Amino acid sequence: MSKDRPEFLQLVKLLKAQLHGLSSEMLIQHLLIDSRNFRGQQGVLFFALEGDVHDGHDFIEELYNKGIRHFVVEEIPQKAFPDASFAEVENSLSALQKVAADHRKKFSYPVVGITGSNGKTIIKEWAHQLLLADKHIVRSPKSYNSQVGVPLSLWGMESKHELALIEAGISRPSEMEKLERMIQPNIGIMSNIGSAHQEHFSSYAAKVRSKMLLFRNCETLIYCRDHPLIHKRAQKLKDTKLINWSLEGEAASVQVVQIKHASGYTHLKVQSDRGVTSFRIPFVDSASVENAMHLFCLLELFGIGKQTIQKRMSSLQTVDMRLELKKGLQQSLLINDSYNSDIESFRIALDVMKAHRKRQKAVVILSDMVENDSEKWVGASAELLREMEVEQFIGIGPILHSHADQFPVNSHFYTDTSSFLQHLSDIDWNKRVVLLKGSRKFAFERILARLEQQHHQTILRINMNALSENLSNVRASVPEGVKLMAVVKAFSYGAGSSEVASLLQYHKVDYLAVAYADEGLALRQAGIQLPIMVMNPEPDSLEAMIENQLEPEIYNFRSLQLFLQGLNRLNYSGEKHKIHLKLDSGMHRLGFDMEQLPTLINLLKQQQEVEVASIMSHLAASDDPQMSRETLMQIERFKMMSDQLMSSLNSTPLRHILNSSGIHNYPEASFDMVRLGIGIHGVQSDSALPVASLFTHISQIKMLRKGQGLGYGFSFIAPQDMKIATIAIGYADGFNRLLSNGVGEVFIAGKRAKVVGKVCMDLTMVDVSQIACEEGDEVEIFGKNIRVREIAEKLNTIPYEVLTSVSQRVKRIYTQE
Ligand SMILES: *Cc1c(COP(=O)(O)O)cnc(C)c1O
């Protein structure tokens with residue numbers, strides 16, 4: 001592959017960059033933009049990008065210490081780094097994009113550019129499934145379609161490939177031009193344009209216009225003729241051959257003349273200039289039909305025969321991009337990635353594993369990949385496993401089995417999943433972090449079912465991508481230089497402490513806060529290294545706090561004395577222990593009052609044991625604009641009190657008063673740090689991404705005759721014949737009993753169903769008379785369709801309470817794309 005890759009000095013020239021430091025040559029194999037993803041490979045070039053949150057320049061030293069010597073930067077570091085080479089550019093992101101564009105130009109095989117609001121990733125993955133037998137394909141890993149995702153996708157192109165499938169996604173109109181210049185697609189596919197990601201677009205038309213920019217130099221464009229605006233724009237493309245299809249009888253290159261659904265399949269009969277073709281796809285939803293029609297056009301363009309089209313279309317497989325984290329047997333952590341295996345997605349999954357791996361040993365279970373170039377992926381997988389220092393590897397499938405000699409010694413191989421299942425108990429799963437990565441046909445869900453800890457049917461699904469996105473949205477609104485303390489008390493508002501804390505640590509927040517020492521202890525045991533503040537330190541946990549570097553919030557003289565005594569009793573002689581002083585600025589809950597400050601200052605001056613790390617207060621009504629006068633007074637009082645403390649302490653602790661709604665409403669009072677709690681959970685507004693979604697299943701469906709009673713106390717009598725579903729959730733799971741008899745609703749098969757009768761401890765009945773559903777179907781309690789806020793309003797409470805009421809017997813599953 002080396003002939004496809006440039007030398008460092010070639011890139012310096014390409015970028016017209018200023019070279020600083022050593023003028024040393026290196027063949028560039030990998031482009032790195034995130035320091036956390038470095039695994040010690042050779043040939044790495046690091047681009048220091050300035051993000052909203054992190055500045056890549058801050059990680060140069062860390063990477064230098066790990067052995068990287070080649071950097072693209074906007075600013076030369078102050079510090080000297082012997083034998084490192086720096087290419088100084090105006091803008092590192094533009095430089096990365098230029099490198100990608102230049103790389104792409106080296107290849108003359110077709111590049112298919114795919115954009116639209118929905119379906120991009122599925123179209124790309126299906127195109128791969130449909131064409132993999134004919135062509136050596138390179139494609140965007142997962143949904144790498146952004147301003148940095150696209151360059152990394154293009155960098156995967158090599159001369160041995162015959163086709164590239166590249167996704168392009170934009171969140172602002174101006175971004176598409178840059179993507180187009182990099183991708184330079186020969187063939188375009190315009191997928192569906194829905195209403196997603198509308199915020200930055202003035203109108204639907206503007207959205208179409210900006211997406212269509214991807215195709216301005218395409219030789220061929222494939223799209224659906226039934227969207228008038230897309231068609232209008234397509235006709236403006238001068239030298240582009242248009243291939244369009246229609247379901248609605250518009251004049252188009254391909255007409256869908258018949259469409260029928262039967263037993264899980266959609267049967268399509270289409271007419272093109274190659275005549276009539278009938279084929280079926282194993283899906284019934286209209287989005288799948290639309291995606292399949294785009295791909296039918298692509299297959300015809302590539303001259304694929306009718307029979308081959310029929311065969312391949314009927315075996316299309318769902319694309320599950322989700323990566324799930326679950327608790328396993330013996331305190332193991334299971335990471336399940338059912339995404340169609342290829343080496344790039346394996347690399348990404350290993351990175352995810354790395355982020356969740358603390359001190360535990362790692363087990364990786366991998367199946368044969370879908371990719372056809374087995375020599376390549378087998379070797380590359382073995383190398384990745386070595387780089388990641390995986391303790392135990394299990395390979396499943398004939399190809400891996402026959403290449404066993406390439407893998408580290410402590411590896412085991414099985415030809416199929418069943419034979420591995422017979423040996424499952426030979427392995428020590430205790431506290432392991434286990435990555436399962438299996439192509440669909442190896443049915444790794446069977447392994448998962450054996451390794452999972454709880455089988456309760458009710459699950460709280462935590463969307464880690466939403467959490468990351470909410471975090472970065474909040475961060476963007478916090479003034480520069482202000483630190484972020486993430487509040488993860490009460491199991492992170494029900495979402496799970498160590499899992500959420502690990503993600504927050506990965507995103508480099510500055511501090512964590514918990515309510516009790518036990519919660520902090522659990523985080524330490526899970527390997528969390530961030531500083532942790534404990535807001536309600538109990539006297540009997542002092543020892544554990546001191547040993548585990550948990551920093552107490554001190555809010556009165558009693559708590560200060562107890563803590564100082566604790567330190568003395570333990571003969572503590574290490575560094576000064578950090579404490580956080582809580583001031584009462586007007587909420588009248590916890591904290592020192594103004595009059596107590598002189599005594600407090602005296603006490604602090606007389607001791608050597610503790611250091612004041614921060615001074616804080618809490619707002620009583622930061623969410624209520626009607627109370628802004630009171631809030632501003634609290635802020636003012638906090639400023640006065642903390643000024644007084646700081647001036648007599650000769651130290652400069654961090655100051656903080658804002659919680660989530662404070663961050664939103666009073667950013668000018670950010671001081672040195674803000675405390676973010678509910679703001680990352682996406683429940684404050686309906687446009688925010690919900691992080692936690694609660695699901696259960698239908699246990700049974702019954703017919704209720706007019707006049708029959710239902711449930712405890714027969715509190716519901718059927719006014720007419722009805723269909724009732726009993727669902728596996730009750731008040732012991734956190735489905736409040738006040739939701740009985742028509743107050744609460746759940747979401748089943750695309751519709752709302754009202755609660756009928758009384759909510760029981762473990763079960764609830766809902767009216768599904770008008771809903772086509774079956775036993776075993778999934779039921780959303782809250783999530784995208786029924787928002788936590790709505791339930792909170794019905795219960796006359798706040799989202800905090802609904803979230804934290806989901807009981808611990810409900811299994812948490814973490815998903816990540
Ligand atoms: C819970 C809590 C927070 C976080 O509040 P949110 O409204 O969830 O952001 C901040 N500070 C203190 C003292 C808290 O108790």
Side-chain angles (χ1 to χ4, degrees), residues 261-265 283-286 449 454-461 494 686 690 692-797 799 801-803 805-813:
H261 302 291
S263 55
Y265 280 87
F283 298 91
V284 293
D285 60 295
S286 55
Q454 288 162 307
H455 290 281
H456 190 47
Q457 289 202 338
T458 302
I459 58 168
L460 189 69
R461 196 171 282 148
D686 289 352
S693 309
L694 182 59
F695 292 96
T696 187
H697 287 87
I698 299 180
S699 302
Q700 193 175 13
I701 292 183
K702 277 183 178 296
M703 303 310 293
L704 198 62
R705 296 268 159 247
K706 179 174 177 181
Q708 287 181 323
L710 175 73
Y712 283 121
F714 298 121
S715 67
F716 179 80
I717 307 287
Q720 72 263 331
D721 290 357
M722 295 172 79
K723 184 166 79 166
I724 302 294
T726 301
I727 60 175
I729 190 170
Y731 55 79
D733 299 294
F735 192 69
N736 199 301
R737 197 161 170 277
L738 295 173
L739 295 167
S740 296
N741 275 318
V743 178
E745 288 181 339
V746 301
F747 199 78
I748 303 176
K751 294 200 171 126
R752 283 171 175 253
K754 269 195 190 319
V755 173
V756 280
K758 290 253 184 357
V759 173
C760 316
M761 189 186 289
D762 316 302
L763 297 166
T764 297
M765 282 74 80
V766 297
D767 176 9
V768 291
S769 304
Q770 307 302 325
I771 303 178
C773 57
E774 289 171 31
E775 292 179 357
D777 280 359
E778 189 169 76
V779 179
E780 178 190 305
I781 306 298
F782 61 69
K784 254 204 309 240
N785 300 292
I786 295 185
R787 305 298 297 242
V788 166
R789 215 171 141 80
E790 173 187 332
I791 299 181
E793 274 160 19
K794 283 181 175 164
L795 294 170
N796 199 11
T797 181
E801 188 180 349
V802 176
L803 284 177
S805 301
V806 177
S807 75
Q808 284 305 308
R809 84 172 183 193
V810 173
K811 172 162 65 173
R812 269 68 174 167
I813 292 183

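Throughout, numbering of the chain's residues begins at 1 and tracks the sequence. No experiment lies behind these values; they were computed from the predicted model shown.
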>> Quick one, Val779 with Ile781, criterion side-chain contact (heavy atoms from CB on, under 4.5 Å). Give me CA distance, side-chain angles, the key distance, then yes/no.
In response: CA-CA 6 Å; Val779 179; Ile781 306 298; 4.1 Å; yes
> Given the rule in the side-chain contact (heavy atoms from CB on, under 4.5 Å) test, do Leu704 and Phe716 qualify, once you have shown the distances and angles that lead to the verdict?
Replying inline: CA-CA 11 Å; Leu704 198 62; Phe716 179 80; 4.3 Å; yes
>> Using the rule given for side-chain contact (heavy atoms from CB on, under 4.5 Å), can you reason through Phe735 versus Val746, listing the C-alpha separation, both sets of side-chain angles and the distance that settles it, and then say yes or no?
In response: CA-CA 11 Å; Phe735 192 69; Val746 301; 4.1 Å; yes
>> side-chain contact (heavy atoms from CB on, under 4.5 Å) for Val743 and Val755? Distances and angles first, verdict last.
In response: CA-CA 7 Å; Val743 178; Val755 173; over 6 Å; no
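Counted within 6.0 Å of CE on Met703, heavy atoms from surrounding residues, nucleotides or ligands total more than 12; the atom is thus considered enclosed. Around atom CG of Asp285, more than 12 heavy atoms belonging to other residues, nucleotides or ligands sit under 6.0 Å away. Atom CD of Glu790 has more than 12 neighbouring heavy atoms from other residues, nucleotides or ligands inside a 6.0 Å radius.
Rounding to the nearest 0.5 Å places CD of Gln708 at 9.5 Å from NZ of Lys702. Atom CD1 of residue Ile786 and atom CZ of residue Arg752 lie 4.5 Å apart, to the nearest 0.5 angstrom. Rounded to the nearest 0.5 Å, atoms CG (Asp767) and CD1 (Ile724) are 5.0 Å apart. In this structure, CZ in Phe695 is found 5.0 Å from CD in Glu778, a value given to the nearest 0.5 Å. Of the inter-residue distances, the one linking His697 atom NE2 with Ile459 atom CD1 reads 6.5 Å to the nearest 0.5 angstrom. The line from CG of Asn741 to CE of Met765 is 9.5 Å long, rounded to the nearest 0.5 Å.
Contact record, Val756 with Met722: CG1-CE, 4.4 Å, taken as the closest heavy-atom pair. In terms of heavy-atom proximity, Asp762 sits nearest to Ala732 at OD1-CB, 4.3 Å. In terms of heavy atoms, Ala753 sits closest to Val768 at CB-CG1, 4.1 Å. Shown here for Ser693 and Gly783, the closest heavy-atom pair between the two residues is OG-CA, 3.6 Å. Nearest heavy-atom pair, Pro799 versus Ala792, reported as atom, atom and distance to 0.1 Å: N-CB, 3.6 Å.
For the pair Lys723 (side chain) and Ile771 (backbone), a donor-acceptor distance under 3.5 Å is present. Within the 3.5 Å criterion, the main-chain N or O of Val759 finds a donor-acceptor partner in the side chain of Ser740. Proximity of a side-chain donor or acceptor of Gln457 to a complementary backbone N or O of Ala728 within less than 3.5 Å is not detected.
A donor-acceptor pair shorter than 3.5 Å cannot be found between the side chains of Thr458 and Asp733.
With contacts defined as side-chain heavy-atom distances shorter than 4.5 Å, the pair Cys773/Ile701 qualifies. Put simply, the side chain of Thr764 does not reach to within 4.5 Å of the side chain of Thr696, judged on heavy atoms. Within the 4.5 Å cutoff, the side chain of Val806 has heavy atoms near those of the Phe782 side chain. Between Arg787 and Pro690, the closest side-chain pair of non-hydrogen atoms falls below 4.5 Å. Two residues are said to be in side-chain contact when any heavy atoms from C-beta on lie closer than 4.5 Å; Ser805 and Asn736 fail this criterion.
The pair Asp721-Arg705 meets the salt-bridge criterion, since a charged nitrogen lies less than 4.0 angstrom from a carboxylate oxygen.
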